[in-house]
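A note on names: the letters A, B, ... follow the listed sequences, proteins ahead of strands, and every chain is numbered from 1.
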Amino acid sequence: MTDTLENASTYQRIYALVNRIPSGQVATYGQIAAMVGSCTARMVGYAMAALPYDTDIPWQRVINRQGKISPRGGGDGALKQRQLLEAEGIQFDTKGRVDFEQAGWPGPDWGWLAENDFFPADLPWA
DNA sequence: CTTTTGACGCGTA
DNA sequence: CTACGCGCCAAAA
């Protein structure tokens with residue numbers, strides 16, 4: 001077997017992709033799902049929910065399509081997430097939404113894609 | 001082995 | 001602007 005993400009599980013691919021989001025930028029669940037391929041936005045949400053609390057994955061940079069932070073079961077995590085994003089320079093409007101034109105993640109770089117044989121067919125940003 | 005349970009997005013009305 | 005339905009996977013008990 002290879003070390004490429006090609007044959008990795010869906011969750012593993014999602015985590016790998018989320019891990020590529022640079023500080024100061026945010027991506028949506030649907031965006032990640034589209035890049036992973038054969039995956040829906042909900043899958044990404046499930047993958048985030050399954051993450052351990054002590055993960056290195058920048059889960060806080062993944063928000064919903066409305067530019068808002070998903071309320072999560074309890075609610076304390078959402079506030080923490082906003083604070084982390086603000087600390088990275090992300091700006092929220094009065095409605096608590098992020099402007100994707102300003103902080104949206106364009107996607108992973110091509111070099112990384114080639115390195116991991118990660119090359120879905122229908123990418124809107126390709 | 002089965003059942004439960006989650007951080008969603010998009011079209012349509 | 002709101003409301004509703006549908007699609008889909010993995011881990012834990």
- Message: Can you measure A/Gln66 atom CD to B/dG11 atom C1' for me and round it to whole angstrom units?
- Response: 15 Å

- Do the side chains of A/Leu51 and A/Tyr29 join up, straight or via other hydrophobic residues, at under 4.5 Å, putting them in one cluster? yes

- A/Thr40 side chain, from C-beta outward: closest of C/dC8, B/dC8, C/dA10: C/dC8

- Which nucleotide sits closest to the side chain of A/Arg65: C/dC1, B/dC8, B/dC10? B/dC10

- Task: Give the rounded distance in Å between these two atoms: CE of A/Met35 and C1' of B/dG9.
- Result: 15 Å

- Any sub-3.5 Å donor-acceptor pair from A/Gln31's side-chain atoms to A/Thr28's backbone N or O? yes

- Item | Atom pair distance, as rounded to whole Å: OH in A/Tyr29 and P in B/dG6 | 15 Å

- Task: To the nearest Å, give me how far apart CH2 (A/Trp59) and P (B/dG6) are.
- Result: 17 Å

- Message: Considering every strand and a 4.0 Å limit on heavy-atom distances, what is the contact class for A/Ala50: base, sugar-phosphate, or nothing?
- Response: nothing

- Task: Side chain of A/Asn64 only, please: which of B/dG9, C/dC1, B/dG6 is the nearest?
- Result: B/dG9

- Note on the structure: Rounded to whole Å, the CE-C1' distance (A/Met43 to B/dC10) equals 15 Å

- Item | Whole angstrom value for the distance that separates C1' of C/dC8 from CD1 of A/Ile32 | 17 Å

- Query: Counting side-chain heavy atoms from C-beta on, which of B/dG6, B/dC8, C/dA10 comes nearest to A/Tyr46?
  - Reply: B/dG6

- A/Lys68 NZ to C/dC1 C1', in whole Å, measures 12 Å

- Between CD1 of A/Ile14 and P of C/dA10 the distance, given in whole Å, is 9 Å

- Message: Using only atom types and a distance under 3.5 Å, with no angle test, would you say the side chain of A/Arg61 pairs donor to acceptor with the backbone of A/Ile21?
- Response: yes

- Do A/Gln91 side-chain atoms and A/Asp99 backbone N/O form a donor-acceptor pair below 3.5 Å? no

- Supply the atom-to-atom distance A/Arg82 CZ to A/Ile90 CD1, rounded to the nearest 0.5 angstrom. 11.5 Å

- Closest-nucleotide ordering on DNA chain C, the 5'-leading residue of A/Tyr11 and A/Ala41: A/Ala41

